[in-house]
Amino acid sequence: MKWRVNNSMNMPKIPLGAWVDSLVDWITIVFAGLFTLITNVIEGLLDILVDVMSAGPSIVLIIVLTLLVTYTSRWPLGLFTLISLLLIDNLGYWESSIQTLAIVILSGVLTIVIGIPIGIWCAQNNTVRKIVTPILDFMQTMPAFVYLIPSILFFGIGVVPGIIASFIFAIAPTIRMTNLGIQEVPNDLIEASDAFGSTSSQKLFKVQIPLATPTIMAGVNQSIMLALSMVVTASLVGAPGLGADVYRAVSQINVGQGFEAGLSIVIIAIILDRITQNLRKPAYEHIVSRKIIFTILALLVVGTALFSAFTKDTAVNGDKNSFAAKADYEIIGIEPGAGLMKLTKTAIDDYKLDDWKLVEGSSAAMVAELKKAIDKKEPIVVTGWSPHWMFSKYDLKYLKDPNESFGGAENINSIARKGLEQDAPGAYKILDQFFWDTKDMENVMVQVSEGMSPSEAAEKWIKENQDKVSKWTQGAQSGNGEKIKLVYVAWDTEIASTNVIGKVLEQNGYDVTLSQVEVGPMFAGVANGSADAMVAAWLPGTHLEYYNKYKAEMVDLGPNLKGTKNGLVVPDYVDIDSIEDLK
């Protein structure tokens with residue numbers, strides 16, 4: 001398949017990934033207490049920010065932000081702020097916008113508190129600068145998604161790993177620009193301060209930092225913009241806000257919702273950008289001193305925070321020692337566009353689990369949170385489906401579903417685009433005859449979960465199961481290099497099945513490309529012909545909404561696996577057996 005590169009040097013692979021995994025496991029155990037403290041502090045600060053900005057009706061914060069933007073950036077932008085925020089409120093994204101603002105503000109505060117001192121240290125010490133610079137290069141070039149993986153293990157699923165990943169991704173400009181600004185202070189001014197007998201601290205705070213402030217603020221501005229750009233990525237691990245709305249719209253191919261949420265992010269970006277750019281020299285400082293404005297703003301924030309803290313209802317429903325309380329009333333879910341998430345929301349309504357919250361994220365984040373809970377023998381509820389390798393690796397059980405909210409057993413169907421049978425009859429026949437069972441799929445998934453690449457695991461399974469593969473290829477003419485594009489979602493089941501059928505097609509003369517997408521784009525791609533086929537349609541329940549939307553433009557080849565199951569899953573060691581026990 002196109003994306004695979006053979007190692008012609010035949011050198012043994014350096015187990016770098018295994019070393020990193022071992023290091024992360026060790027850090028997770030040794031510093032568990034520190035991570036818990038950081039999580040509690042960040043969640044506490046975030047709750048305070050959200051409470052402050054949510055105090056009173058939305059028009060209160062809209063007016064405050066409008067006045068602040070007007071003061072810093074003149075009245076035309078203030079008018080734009082007023083109209084734009086009213087639009088966000090009208091579209092129904094006000095609560096998400098507050099959550100996004102809180103995340104970005106907290107990430108920005110962390111970059112300032114940590115980044116500026118490090119930048120000053122770099123400017124004053126060449127050795128520190130030589131050490132920090134390559135680290136910053138690494139942080140800025142490493143894909144932001146990578147930061148989410150250890151963040152989940154360290155801090156769990158939710159908003160905290162998203163904030164930490166945003167902070168790591170965004171801190172570099174603040175450090176670099178602080179270092180640059182202080183280094184660019186003219187030498188003659190430094191010499192003059194030395195001649196007057198200034199101490200190092202006096203020289204720093206009264207000469208270097210004031211002169212470097214414009215450059216430092218430019219770095220802070222860039223860091224805040226980078227933090228805002230991470231809101232969608234952070235939603236992959238359960239961070240709320242506009243990023244989650246965008247992610248949900250992408251997975252469901254909801255163009256209108258995606259545009260609305262994206263426009264809201266753009267509006268917030270413009271507002272934050274203009275405020276931070278003009279904070280040092282406000283447009284109307286000649287009318288009202290900025291010290292007075294910032295003092296009033298600080299008093300409003302502190303006063304609102306104290307009022308919210310005293311009036312906030314902290315009562316816990318039910319027994320605080322119950323399973324539900326110990327699990328924080330959270331069901332750890334997967335991608336927001338998945339049909340399983342819709343079924344789970346139905347189950348929450350059916351069983352009247354009003355206190356419970358379904359946490360959106362991703363399949364990988366769900367499994368990471370499950371592993372973390374099992375290692376600590378903690379209670380946890382996750383959205384689960386089988387076949388899945390986690391049932392082979394951990395002792396898990398489905399909660400009984402007497403109301404049948406999750407429906408019965410499902411099948412996984414193969415679906416092709418119209419015209420594939422005429423364009424590549426051999427590939428069409430192989431896809432049509434592709435069928436295996438749960439045990440086959442789990443064998444591949446376990447190999448992948450233990451470190452083997454999906455391509456290698458698929459190839460290994462094919463070699464060991466030639467009798468089954470021969471049934472798939474029976475009567476199918478060989479290809480002549482025809483291009484076949486298969487699409488799939490990043491579920492372990494679909495990674496396994498798509499790699500196996502892709503390898504079989506490749507071995508029969510086809511040029512195969514595998515493309516990982518979200519659920520909505522997977523169906524849309526096959527329907528509009530930009531993809532040739534998929535073997536990942538869960539029917540008749542999980543993907544029914546997408547299937548009904550596009551079935552007229554696709555060819556359903558029938559099941560390639562029967563007897564799947566969806567539901568809520570808990571570790572065996574917990575003492576509940578039914579969804580009803582979550583009440």
Side-chain angles (χ1 to χ4, degrees), residues 7 11-43 107 110-111 114-115 118 121-122 127-172 175 226 230 233-234 236-239 332 361-378 380 382 389-390 392-394 445-457 490 492 495 571:
N7 186 354
M11 292 177 61
K13 179 183 176 182
I14 299 174
L16 181 60
W19 293 344
V20 173
D21 287 339
S22 298
L23 176 62
V24 169
D25 289 340
W26 178 80
I27 292 174
T28 303
I29 295 171
V30 174
F31 297 100
L34 176 62
F35 295 141
T36 300
L37 175 63
I38 293 174
T39 299
N40 292 336
V41 170
I42 291 179
E43 286 181 343
S107 299
L110 289 175
T111 60
I114 298 176
I118 294 177
W121 194 14
C122 290
T127 302
V128 172
R129 183 166 63 252
K130 290 178 181 178
I131 295 172
V132 171
T133 299
I135 295 175
L136 295 179
D137 294 337
F138 176 86
M139 290 167 59
Q140 287 188 290
T141 52
M142 177 66 73
F145 285 92
V146 177
Y147 299 133
L148 297 177
I149 303 172
S151 294
I152 298 169
L153 297 176
F154 296 158
F155 304 103
I157 196 171
V159 69
V160 176
I163 289 177
I164 296 296
S166 299
F167 158 71
I168 294 173
F169 182 69
I171 194 174
I175 297 175
L226 287 175
M230 279 286 289
T233 304
L236 296 175
V237 292
I332 308 303
S362 63
S363 304
M366 180 272 290
V367 173
E369 189 72 0
L370 177 64
K371 176 184 182 300
K372 185 178 178 182
I374 289 176
D375 288 344
K376 296 180 179 180
K377 295 292 182 183
E378 293 177 343
I380 188 173
V382 302
W389 62 265
M390 65 183 180
S392 299
K393 189 167 185 177
Y394 306 118
M445 287 193 291
V446 169
Q447 295 287 338
V448 175
S449 70
E450 292 177 349
M452 187 177 291
S453 74
S455 177
E456 292 171 339
D492 299 275
I495 291 172

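Taking K371 as the reference, D375 meet the side chain to side chain donor-acceptor pair (under 3.5 Å) condition, with sequence neighbours excluded.
In this structure the side chain of I168 reaches within 4.5 angstrom of the side chain of M139, judged on heavy atoms. Proximity of W389 to V448: side-chain heavy atoms (C-beta onward) are nowhere separated by under 4.5 Å. Within the 4.5 Å cutoff, the side chain of I114 has heavy atoms near those of the F167 side chain. Residues C122 and I118 are in side-chain contact: their nearest non-hydrogen atoms beyond the backbone lie under 4.5 Å apart. Side-chain contact check for I380 versus E369: some heavy-atom pair is nearer than 4.5 Å.
Note that CZ of F169 and OG1 of T233 are 7.5 Å apart. Values are rounded to the nearest 0.5 Å. I27 contributes atom CD1, which lies 11.0 Å from atom OG of S22 (distance to the nearest 0.5 angstrom). In this structure, CD1 in I163 is found 8.5 Å from CD in E43, a value given to the nearest 0.5 Å. Distance CE/M230 to OG/S107: 8.5 Å, rounded to 0.5 Å.
Pairing each heavy atom of M366 with each of I332, the nearest pair is CG-O, 3.8 Å. Here the shortest heavy-atom pairing between P571 and I374 reads CG-CG1, 4.1 Å.
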Atom pairs and distances, side-chain donor-acceptor, residues 29-42, under 3.5 Å, sequence neighbours left out:
unit_1	atom_1	unit_2	atom_2	d
T36	OG1	A32	O	2.9
T39	OG1	F35	O	2.8
N40	ND2	T36	O	3.2

